[in-house]
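Down below is the structure, laid out as structure tokens.
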Number of protein chains: 2
Amino acid sequence: MRADARKNYDQLLAVASAVVTEEGADASLRDIARRAGVGLATLYRHFPTREALLEALLRTSFDELTTRADELETSSSPEDALVSWLRDCVACAHEYRGVVALMMAAIEDTESALHNSCVTMRAAGTRLLARAHAAGMARTDIDGTDLFALVGALAWLNDQPSLTPRADHLFGVIAGTILTNRASSDVREEGRLRAHR
Amino acid sequence: MRADARKNYDQLLAVASAVVTEEGADASLRDIARRAGVGLATLYRHFPTREALLEALLRTSFDELTTRADELETSSSPEDALVSWLRDCVACAHEYRGVVALMMAAIEDTESALHNSCVTMRAAGTRLLARAHAAGMARTDIDGTDLFALVGALAWLNDQPSLTPRADHLFGVIAGTILTNRASSDVREEGRLRAHR
DNA sequence: GATTATGTGGAGCACTGCTCCGATTGTCAA
DNA sequence: TTGACAATCGGAGCAGTGCTCCACATAATC
């Protein structure tokens, strides 16, 4: 890649991160190009689709989530690992408002630039869930896809400004539902402690 | 209202219902006007905002839901009433894809045309929830706003094509979470029976 | 039939996603 | 250092969007 192309690529990513953070996943691409001091065609050359741009933005976060799932699998109890990872997932999806709907579409669309990342993430979650199943700590009528869906629903709740005050509470309710042998109030408590740490 | 105006109004509503059903809540208003054989300004005169148009579309559904809540309050057990009404709510919100996000925004925006309908619906749900609380059949850490949020999340799940296969199952899971003394498998079962009735 | 308030339709503005192509610029051989 | 050339760029242009404004048509009234 030519030196100027590399520079523009990096600049675009940095600006896109800022713009998508404040405007959401449906931010104006023209605006991103403008604020990056770059032509619109340049943006489209580096990122042929909106998904491609978001994939580049989310790649590091996705990789971190996968790594974290691996760590948790050995360092924590099955239920703590699952809940803790869920919380991280929701927080990650919430970073860029509206991105979760694209992820839900991408998991079935093998052409989407986000497809692989989503499949990888679902697999990581499924592993943590299987471990909790094996320990008898999670209800068995929920599979990896359900987990992915619930993360999506929670992230969606977080994206609604009017529901922000209750989002944490609802996370506890739903996380508690997934775990069999644990009251959801315990999950909420753990969340509070984590937040104030 | 002048006779021709009334005709255009009705025509717009009929066409809007069809278009929004197939395109979702962010359908093109220009397209609706075109297909109704009407100028764009005519649409905007009758429905100054997109919310106003959707409100008109949803008004009958909303009224039916409120009536249904009243009926259920006397005709069914507290838990059956709540679950049955939740199911109707989710089905209603799913009628027009994407409308649920607008509803979540409208409940805090007193200026929105959808505001009153949303507040009324939340109140109806809160009554059913309070009844279940009184009977000791619903967890007490969930209030009317949470109920509204969970309906929203479920409707959102329904709106994601990739999650449709599991949507019913997840409804059972979450409805079961709200009810204290009932396994979610029972809720699911009741759903199956209703669907096949 | 004439008057008037009400209702209409489309032009116009600023924006969007996306493509195409002439101009520019980094790079590497001579 | 100087070309030459391929890689890269930037913006014009197209078709779409939401929304406003206003000259014109027409239903209702006298």
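Labels below follow one simple rule: chain letters A, B, ... track the order of the sequence lines, proteins then strands, and each chain is numbered from 1.
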Original post:
Which one, D/dG10, D/dT20, C/dC18, comes nearest to the side chain of A/Arg30?
Top reply: C/dC18
Original post:
Quick one: B/Leu43 CG to D/dC21 C1', roughly how many Å, whole number?
Top reply: 16 Å
Original post:
Quick one: do the B/Ser84 and B/Arg68 side chains pair a donor with an acceptor below 3.5 Å?
Top reply: yes
**OP:** Taking B/Ser61 for its side chain and B/Cys92 for its backbone only, find out whether a donor-acceptor pair lies under 3.5 Å.
**Re:** no
Original post:
How close or far is atom P of C/dA14 from atom CG of A/Asp31, stated in whole angstroms?
Top reply: 17 Å
Original post:
Hey, does the side chain of A/Thr42 come within less than 4.0 Å of D/dG10's phosphate (OP1/OP2), counting only N and O?
Top reply: yes
Original post:
Which sits closer to the 5' end of DNA chain D, B/Tyr44 or B/Asp4, going by the nucleotide each is nearest to?
Top reply: B/Tyr44
**OP:** Starting at atom CG of B/Asp26, determine the distance to atom C1' of D/dC19, rounded to an integer number of angstrom.
**Re:** 17 Å
**OP:** Say whether A/Asp159 and A/His94, considering side chains only, have a donor N or O and an acceptor N or O under 3.5 Å apart.
**Re:** yes
Original post:
If only side-chain N and O atoms of A/His46 are considered, is one of them under 4.0 Å from the OP1 or OP2 phosphate oxygen of D/dT8?
Top reply: no
Original post:
Looking at D/dA28, does its base get a donor-acceptor pair with the side chain of B/Arg2 below 3.5 Å?
Top reply: no
Subject >> A/Leu40 or A/Arg45, whichever maps to the more 5' nucleotide of DNA chain C >> reply: A/Leu40
Original post:
Roughly how many Å is it from CD1 in A/Ile32 to P in D/dG10, rounded to a whole number?
Top reply: 16 Å
Original post:
Does the side chain of B/Ser17 come under 3.5 Å of the side chain of B/Tyr96 through a donor N or O and an acceptor N or O?
Top reply: yes
**OP:** Write down the distance between CZ (B/Phe47) and P (D/dG18), rounded to a whole number of angstrom.
**Re:** 15 Å
Original post:
For A/Ala41, which contact category applies under a 4.0 Å heavy-atom criterion: base, sugar-phosphate, or nothing?
Top reply: base
Original post:
When you check the phosphate oxygens OP1 and OP2 of C/dC15, does a side-chain N or O of A/Ser28 lie under 4.0 Å from one of them?
Top reply: no
**OP:** Nearest whole angstrom, please: distance from the P of D/dT8 to the CG of A/Leu12.
**Re:** 14 Å
**OP:** Ignoring backbone atoms, test whether A/Asn8 places a side-chain nitrogen or oxygen under 4.0 Å from the OP1 or OP2 oxygen of D/dT8.
**Re:** no
Original post:
Starting at CE of A/Met1 and ending at C1' of C/dT27, how long is that distance when rounded to a whole Å?
Top reply: 16 Å
Original post:
Which distance, rounded to the nearest 0.5 Å, do you find between the OG1 of B/Thr180 and the NE2 of B/His133?
Top reply: 7.5 Å
Original post:
What is the distance from CG of A/Leu29 to P of D/dG11, rounded to the nearest Å?
Top reply: 17 Å
